Amino acid sequence: MKILKFGGKSLDNGLGIAKVLEIITDNHKQELSPVVVVSARGGSTDTLLALIDKARKGEPFKEELSLFWEHQTECSEIKFEQEQEQLLRLLTGISLVGECSLKLEDEIVSYGELLSAKFVANALERQGYKAVAIDSGDFFVTDSQFGSASVHVEESREKCLRLFGQLPSSCIPIVTGFIARDREGVRTTLGRNGSNYSAALLANFLDAEIMENFTHVDGIYTANPSVVPEARKMDELSYSDAAELSQFGAEILHIKTIEPLQDKNIPLRVLNTFGYGSGQNGTLITSSPKAKSVRALASLSQKALIHFEGRNMLGRSGIDARIFGAFKSADVSVSLVSQGSTERGIAIVVSEVDADKAVEALHQEFRQDLLEGKTTKIYAEKGLAIVAIIGLNLAEFDRPYRALVRNRILPVLLNNAVPDNTLCLLVRGEEERIKALNVIHGEMFERPKRVHLAIIGHGTVGGALIEQIIHQHTQLKEQKNIDLRIFAIANSRQLLLSHTGIGEGWQEELKQSASVNSLAETIVEYGQKFALENMILVDNTSSEAIAAKYPYFASNGFDIVSSNKKSNIAPYADYIHLRETLKKHRRSYRYETNVGAGLPLIDNLKLLHLAGERITRIHGLFSGSLSYIFNTLTEEPSRSFREIVEESAQRGLTEPDPREDLSGEDVARKVLILVRELDVAAELSDVNWKNPVPEQLRKLSLDQFWTRFGELEKEIEELRGSCSPDEVLRYVGDIVWDNTKQEATLTAALKRVSKNSPLGRVSGADSCFEIYTESYGSRPIVIQGAGAGAVVTARGVFGDLLRLAEGYES
Ligand code: ASP
Ligand code: MG
């Protein structure tokens, strides 16, 4: 004999009910003697409760009632005339008196299961099977706790065996779940989702070989898959782990379901009605599952924390007893409890609906103490959620905990209940609950670490970066366990958002996306709405306005990666403000590409400085574009300066307006960025910067500039002429630290340097940085290589991203 239990969603019209009938008849044909237990069909219990509510408030309910009947009788010949009449009478009565007792409520909701059993039995008969609908109230005897009655087990067992003993053989019993009667024969129910419990009791009474629980999901998961997409189905579970889980996931397993099964060692298999016939194995619950330990996550929303604070409570006995006494008389059930060793207060978790009642009860009980100031505060903090980690050893909690902190979730309370192996965290709000579940799940099951990127700017660097990320996505996921997801791409006008990740075709989608006003705010709110973890802002613009938003992003949980120099050359006060904000919110900011494109310069400089190495000078070719122009001038003496500059501009080696590079301002900025790395509070105005572009050409339009280019060329040619045969021209950045004066001299200027010096030997568009330090003496550390170009810069940004993402792992 086996018990087949079907949930409400399985029994709904359409595919569900068709599958249910198929499952029952298959089992019958295989002579497995199925005993069927049914829930109310597709949300009927909720509809009935809603009808009661309407009637109670005196609102019209007939329309909803007729919809209910349509739903119940769809595609069926039974019309439930008698039940229709009874239900209408009951509801009318409620609407007349304007109230409904729990007793009456039980009577009304029981129709859900009664109709369901009759419907299924009737459908089977129409297919030529013998079936009988059984009201479980004919054998389940309970106390009179309406709404959530307790079963008198032995009495019920006896009645059940008698009833089933009288059933004709080869007839399929279709039994209602959830409903019962008290000793006076008055209708009771076993509590919401109680059908599983009914089925388990029946399995126990009838000594079933197995109970199969057909639901609308594939089994029991390591977390709710609709909240944590990576949740995995568990193949096997022990009774005790299942019981632990059922405390939280009451929808699949009612809290009391396990005990009657465990008592007789009856296995329970949770299956999907809709997957019937596809060879599913669901989740099998037994006393000896294959895997010894299970790990899973569960959560409960709508909790409140009751704070009770007082003075001189240390050592005073009886206060806790009074608190719990007050709760008992107010009928408030207590969940987590936390009390510090100083006994200055106690915090108790209750259901949000009970919060006001609980506070009121405490106020009454402690009225005198409040007056005397012995009790100082009693209040409720609502909108909390419990996240439960089942099966995690405390010694392994460091990883999930660090991940939580990194994602700005600081649990209000941590509870490591004795003796279960469950660790509970109390968090604030739905967003935190969802984020916490995902973050912890990722750490416990080592799913690829999700990193969420908001990329602003998709010009040459940004565009190249997006392509690189999209191309590397699968490889990174497989090899590095990092799932790099672009959730936002923006330019100055438009914003494309997708919390599941933007991929190929983004250009088109971006064109079609809406324009935005407050870009930063929209991105931050979106990240919050979808509770995205590990968020990074990637700025590839040259916008001052975006740079000014970095503190805002940082304080909202974003790390920052940027090729944009604007924030690093901002006034020093702003520079420091950003760093303080980053520190306060434990955020990182990486900008390796600000100087020397992808070359590993800033990281190395930071490291040297941090290690206490005194840096005495940084000297070099800081601009790849200028490097190219002056190198070519030396290497190809036959070409004119104009030709070279034109060619560089055409190849994108300089800005479209080459004056931006030729002016040397970019070098001056880099000088500033580097010297600030050494904790020198310099401003851009402290850099002694020489602009080789003559004054009169600086303000001209680009066209006019080209027309009068000769004036610049003349100056350059003169300089070239003044070089001795072993000298060449280089635009040099220089930072010199004077330790006695504790002062840095900062210059950026076009200079004659020896052909055989390191700077003289540089070729192509290379940048070159000579770092002189105290211990290295006169032999500098030289960092040299491609210092300009979209692709290398994009690679550098990518490198920064990966460094951050890898940090998220440990
Ligand atoms: N129909 C009841 C409910 O929705 C019992 C059950 O489905 O298990 O709570
Ligand atoms: Mg249900």
Side-chain angles (χ1 to χ4, degrees), residues 3-13 16-17 19-20 35-53 64 68 71-72 80 83 87 100 102-120 133-137 140 142 145-151 174-181 187-204 211-217 220 242-243 245-261 268-274 285 300 302 351 353:
I3 300 284
L4 300 177
K5 148 67 190 21
F6 296 96
K9 290 202 176 80
S10 299
L11 289 156
D12 213 346
N13 293 322
I17 187 76
K19 283 278 183 194
V20 168
V35 171
V36 178
V37 178
V38 292
S39 285
R41 300 177 57 216
S44 299
T45 311
D46 288 328
T47 312
L48 289 166
L49 286 170
L51 280 164
I52 293 174
D53 205 43
E64 196 166 334
F68 172 79
H71 185 225
Q72 295 295 325
F80 297 121
E83 285 87 351
L87 203 52
C100 176
L102 277 177
K103 182 172 165 184
L104 189 50
E105 195 170 291
D106 273 358
E107 166 142 26
I108 292 178
V109 292
S110 74
Y111 277 78
E113 267 70 12
L114 288 169
L115 296 168
S116 180
K118 284 193 180 168
F119 185 97
V120 173
I134 298 174
D135 175 349
S136 53
F140 275 139
T142 66
Q145 182 81 43
F146 300 105
S148 180
S150 297
V151 177
I174 314 293
V175 188
T176 57
F178 178 55
I179 63 176
R181 289 188 192 281
R187 178 65 74 195
T188 57
T189 62
L190 307 185
R192 289 308 305 268
N193 300 305
S195 296
N196 286 313
Y197 177 42
S198 310
L201 279 173
L202 204 55
N204 180 302
M211 166 171 158
E212 289 181 349
N213 187 1
F214 282 90
T215 66
H216 59 288
V217 293
I220 298 178
L245 265 172
S246 68
Q247 315 249 3
F248 297 94
E251 255 216 59
I252 302 297
L253 283 184
H254 183 278
I255 210 160
K256 295 181 188 161
T257 309
I258 298 301
E259 208 191 288
L261 298 173
L268 166 63
R269 201 185 277 279
V270 178
L271 291 155
N272 191 339
T273 303
F274 300 89
I285 301 163
L300 289 170
Q302 292 172 345
S351 285
V353 284

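Just so you know, ligand 1 is whichever comes first in the structure, and atom 1 is the first atom listed for that ligand. Computed from a predicted structure; not experimentally measured. Excluded from the calculations below are hydrogen atoms, water molecules and symmetry mates; all remaining heavy atoms, backbone and side chain alike, are included.
Surrounding NZ of Lys118 are at most 12 heavy atoms belonging to other residues, nucleotides or ligands under 6.0 Å away.
Every atom of ligand 1 is numbered from 1 in the order shown, and the set under 4.0 Å from a heavy atom of Arg192 is 3 (C), 4 (O), 9 (O). Using a 4.0 Å cut-off to heavy atoms of Ser39, the atoms of ligand 1 that qualify are 6 (C), 7 (O), 8 (O). Residue Gly194 approaches ligand 1 through these ligand atoms, each under 4.0 Å from one of its heavy atoms: 5 (C), 6 (C), 8 (O). Atom numbering of ligand 1 starts at 1 in the shown order; those under 4.0 Å from a heavy atom of Glu113 are 1 (N), 2 (C), 5 (C). Interface atoms of ligand 1 facing Ser195, defined by a heavy-atom separation under 4.0 Å, are 5 (C), 6 (C), 7 (O), 8 (O). Residue contact check: Asn193 has heavy atoms under 4.0 Å from atoms 3 (C), 5 (C), 6 (C), 8 (O), 9 (O) of ligand 1. Interface atoms of ligand 1 facing Phe178, defined by a heavy-atom separation under 4.0 Å, are 2 (C), 5 (C).
Asp135 meets the salt bridge (Lys or Arg N to Asp or Glu O under 4.0 Å) test with Arg181, Arg187; sequence neighbours excluded. With sequence neighbours excluded, the residues that form a salt bridge (Lys or Arg N to Asp or Glu O under 4.0 Å) with Asp46 are Arg192.
Residue Asp106 comes nearest to Gly147 through the heavy atom pair OD2-N, 2.7 Å, listed as atom of the first residue, atom of the second, then distance. A pairwise comparison of heavy atoms in Ser10 and Val20 identifies O-CG2, 3.5 Å as the closest pair.
Ligand 1 has no N or O atom lying under 3.5 Å from any N or O atom of Asn196, backbone or side chain. Residue Lys5 has no nitrogen or oxygen atom sitting less than 3.5 Å from a nitrogen or oxygen atom of ligand 1, judged on distance alone.
A donor-acceptor contact closer than 3.5 angstrom is absent between the side chains of Ser198 and Ser136.
Side-chain contact between Glu105 and Leu49 is present, with heavy atoms from C-beta onward closer than 4.5 Å.
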